[in-house]
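Worksheet for the structure shown next.
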Amino acid sequence: MTLRRVAVAAALLFFLANSPVQAQDVTLTSRDGRTEIMGTLLGYDGEFYRLETLFGELTIDGSGVRCEGPGCPNLQDYVAEIALSGSATMGAVLMPALLEGFAQRNGYTATREDLDNTHFRYELTDTRSGKTAARFSFRVTTSDEGFADLLAEEADIVMSLREIREDEIARAREAGMGDLTAQNRSRVVALDAVVPIVSPQNPIQAMSPLDVARVYAGQITNWSALGGPDAPIALHAPSSVTGLGQATEDQILRPVNLRISDNATRHMQGYDLVKAVVTDPFAFGVASYAEIGAAQPLVLKGACGRVLRAARRTIKTEDYPLTAPMFLYTPARRLPKVARAFLAFTRSGEAQNVIRRSGFVDQAAEEVPIDQQGDRFANAIAAAGPETSLAELQRMVDRLGPMKRLTTSFRFEAGATRLDAQSRANLMQLARALEQGRYDVRRLYFIGFSDGDGPAERNRQIALTRAETVRDEVLSLAQTIDPAQVDLAVDAFGEALPLACDDSAWGRQANRRVEVWVR
């Protein structure tokens with residue numbers, strides 16, 4: 001907000017100068033001395049002041065005012081203060097690695113200071129002037145705590161392994177922080193997944209998603225029921241207050257209306273859970289893909305024999321169904337310039353390399369030829385029947401054979417027309433790539449696929465509608481592309497290329513998708 005917009009309140013502000021509000025800690029005065037604004041300084045980002053006044057929260061351009069009072073910042077040696085709070089999984093490795101990469105890219109020296117078990121701080125020093133430019137303070141606990149700190153004005157950025165909850169959205173809106181689900185308020189910074197694990201000494205190699213849920217619910221208590229030894233299952237689970245624990249409940253148990261058994265040993269830290277499973281041949285648990293370590297990951301297997309394995313590409317494409325995007329949330333207020341630059345850096349190609357080296361899954365689009373796509377086309381042949389004809393399979397091979405699949409895929413939330421969180425991030429990523437000319441003079445096909453529930457022709461039409469919806473949303477975001485330089489087409493093959501068995505909600509969700517192919 002500029003001084004022009006508050007000039008109409010000049011008479012009231014004159015009154016405030018002679019009222020008890022004098023006890024507030026700053027006064028902003030226009031350069032000509034005609035207008036004064038008094039209030040509590042909530043923040044200064046190097047460019048703008050943010051004040052709490054009797055008229056509400058105001059944001060004022062610092063170039064047009066003088067600041068007086070004990071709360072005024074030192075303009076000559078201003079140091080941006082940014083607080084991050086939330087997921088320990090993100091805060092332990094990922095975010096420090098990104099911050100160090102950002103510092104190196106922008107001419108800063110990053111110095112870390114560990115304060116206690118949950119707090120540490122990075123100081124960024126300009127290598128040319130030797131002056132401190134910013135301090136990034138981290139509190140690493142849980143996603144829940146991150147949102148609580150944001151609502152308490154004790155954090156500027158939330159690190160979360162889950163999407164924001166409805167009650168948190170409502171409280172943030174009531175607190176004047178805007179809609180935290182808006183595109184400019186949240187972003188997926190990297191990708192992870194929930195992976196069932198056992199000890200390397202355990203002979204079990206695969207498990208159905210339903211059996212994973214039943215084991216966690218205490219309905220299956222002995223390994224012999226799963227084809228293993230006659231021994232009780234030692235159950236380990238992430239704490240319910242952690243992002244991994246909440247993702248486990250949301251993605252594994254809730255779809256089949258089950259809850260984790262009270263007999264499960266709970267762990268606040270993922271590496272503690274992994275250590276407990278690795279050292280016990282009869283233990284079972286789940287881990288973040290980035291924290292599997294020496295544990296044996298299980299593949300997800302359906303009754304029809306198809307398997308879904310957690311790997312970098314399958315997580316990136318969401319072909320593996322238990323993906324877990326890693327979010328950053330920011331309130332609807334200006335952050336310091338260096339913080340905005342850091343958030344922009346997290347979307348860069350350099351940042352994707354940092355994410356990959358840190359053990360997490362990046363979002364950089366890859367082009368995968370057909371001969372590197374595993375058993376997908378073998379599955380198509382095996383699933384063919386009266387409703388999926390040889391002619392349709394031949395049409396699919398003719399269409400896709402000369403092209404490569406992008407790892408940028410799209411899936412809708414279960415029972416909804418809204419894209420899921422990872423897919424919404426993919427929309428923005430693909431739109432930016434189109435605007436940057438990355439696919440100029442090429443053809444992109446948005447190919448729709450479905451599950452096998454219902455008539456094949458109806459499924460193909462639904463899949464085509466989804467492909468058109470995704471294509472149109474990408475076009476609406478990529479407003480600066482030259483239509484003459486890139487061709488965006490759609491097609492659909494319905495249930496002709498299944499990834500998983502249709503006998504579970506997880507399998508059907510994996511099969512319903514829009515892929516992007518490029519030629």
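Owing to the predicted nature of the structure, the values given are computational and were not obtained by experimental measurement.
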Please check: side-chain N/O of [X] versus main-chain N/O of [Y], any donor-acceptor pairing under 3.5 Å?
{"X": "Asp280", "Y": "Ala276", "result": "no"}
{"X": "Asp502", "Y": "Gly452", "result": "yes"}
{"X": "Glu413", "Y": "Ala421", "result": "no"}
{"X": "Ser358", "Y": "Phe360", "result": "no"}
{"X": "Gln251", "Y": "Thr323", "result": "yes"}
{"X": "Tyr320", "Y": "Val194", "result": "yes"}
{"X": "Arg185", "Y": "Thr330", "result": "yes"}
{"X": "Tyr216", "Y": "Val286", "result": "yes"}
{"X": "Arg519", "Y": "Met403", "result": "no"}
{"X": "Ser143", "Y": "Ser87", "result": "no"}

Please indicate whether [X] has more than 12 foreign heavy atoms, meaning atoms of other residues, nucleotides or ligands, lying under 6.0 Å from its [atom1].
{"X": "Arg173", "atom1": "CZ", "result": "yes"}
{"X": "Glu166", "atom1": "CD", "result": "no"}
{"X": "Arg309", "atom1": "CZ", "result": "no"}

(message) Would you say Asn511 and Arg508 are linked by a side-chain donor-acceptor pair, where the criterion is simply a distance under 3.5 Å?
(response)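 Note: Arg508 and Asn511 side chains miss the donor-acceptor criterion.
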(message) Can you confirm whether the side chains of Gln461 and Glu457 place a donor and an acceptor under 3.5 Å from each other?
(response)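 Their side chains do contain a donor-acceptor pair, which is all the 3.5 Å distance test asks for.
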Heavy-atom check, side chain of [X] versus side chain of [Y], under 4.5 Å:
{"X": "Leu161", "Y": "Met326", "result": "yes"}
{"X": "Leu124", "Y": "Asn106", "result": "no"}
{"X": "Leu335", "Y": "Leu343", "result": "yes"}
{"X": "Met428", "Y": "Val188", "result": "no"}
{"X": "Val368", "Y": "Thr407", "result": "yes"}
{"X": "Ser450", "Y": "Ile462", "result": "no"}

Using a strict cut-off of less than 4.0 Å between a Lys/Arg side-chain nitrogen and an Asp/Glu carboxylate oxygen, indicate whether [X] and [Y] qualify as a salt bridge.
{"X": "Glu249", "Y": "Arg162", "value": "no"}
{"X": "Lys275", "Y": "Asp272", "value": "no"}
{"X": "Arg513", "Y": "Glu318", "value": "no"}
{"X": "Arg411", "Y": "Asp420", "value": "no"}
{"X": "Arg432", "Y": "Glu435", "value": "no"}
{"X": "Glu392", "Y": "Arg395", "value": "yes"}

Please report the closest heavy-atom contact between [X] and [Y], naming both atoms and the distance.
{"X": "Ile447", "Y": "Trp517", "value": "CG1-CD1, 3.7 Å"}
{"X": "Val278", "Y": "Ala294", "value": "CG2-C, 3.8 Å"}
{"X": "Leu400", "Y": "Ile370", "value": "O-CD1, 3.4 Å"}
{"X": "Glu367", "Y": "Leu406", "value": "CG-CD2, 3.5 Å"}
{"X": "Val490", "Y": "Ala467", "value": "CG1-O, 3.9 Å"}

(request) Dump the intermediate steps for side chain to side chain contact (heavy atoms under 4.5 Å, CB included) on Glu366 and Gln372, then the final yes or no. (result) CA-CA 12 Å; Glu366 302 173 38; Gln372 295 181 22; over 6 Å; no
(message) Between Arg443 and Val518, does the side chain to side chain contact (heavy atoms under 4.5 Å, CB included) criterion hold? Intermediate values first, please.
(response) CA-CA 6 Å; Arg443 167 169 281 193; Val518 60; over 6 Å; no
Distance from [X] atom [atom1] to [Y] atom [atom2], nearest 0.5 Å?
{"X": "Met95", "Y": "Thr346", "atom1": "CE", "atom2": "OG1", "answer": "7.0 Å"}
{"X": "Thr480", "Y": "Leu434", "atom1": "OG1", "atom2": "CG", "answer": "9.0 Å"}
{"X": "Leu244", "Y": "Glu291", "atom1": "CG", "atom2": "CD", "answer": "7.5 Å"}
{"X": "Asp144", "Y": "Arg165", "atom1": "CG", "atom2": "CZ", "answer": "7.5 Å"}
{"X": "Thr181", "Y": "Glu168", "atom1": "OG1", "atom2": "CD", "answer": "12.5 Å"}
{"X": "Phe327", "Y": "Leu180", "atom1": "CZ", "atom2": "CG", "answer": "12.5 Å"}

(request) Measure from the ring center of Phe136 to the ring center of Phe342 and say whether it is less than 6.0 Å. (result)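 When the ring centroids of Phe136 and Phe342 are compared, they turn out to be within the sub-6.0 Å range.
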(request) Please say which of Asn202, Val212, Ile204 ends up in a side-chain contact (heavy atoms from CB on, under 4.5 Å) with Phe284. (result)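 Exactly one pass, corresponding to Val212.
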(message) Ile315 vs Asp192, test: side chain to side chain contact (heavy atoms under 4.5 Å, CB included). Steps then yes/no.
(response) CA-CA 7 Å; Ile315 294 171; Asp192 206 345; 5.6 Å; no
(request) Report the C-alpha separation of Arg334 and Arg340 in whole Å, then their side-chain angles, then the decisive distance to 0.1 Å, and conclude whether the side chain to side chain contact (heavy atoms under 4.5 Å, CB included) test is met. (result) CA-CA 9 Å; Arg334 284 179 62 91; Arg340 301 197 304 270; 3.2 Å; yes
(request) Please state whether the rings of Tyr122 and Phe120 are parallel, tilted or perpendicular, taking 30° and 60° as the class boundaries. (result)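 If you compare the ring of Tyr122 with that of Phe120, the planes turn out perpendicular.
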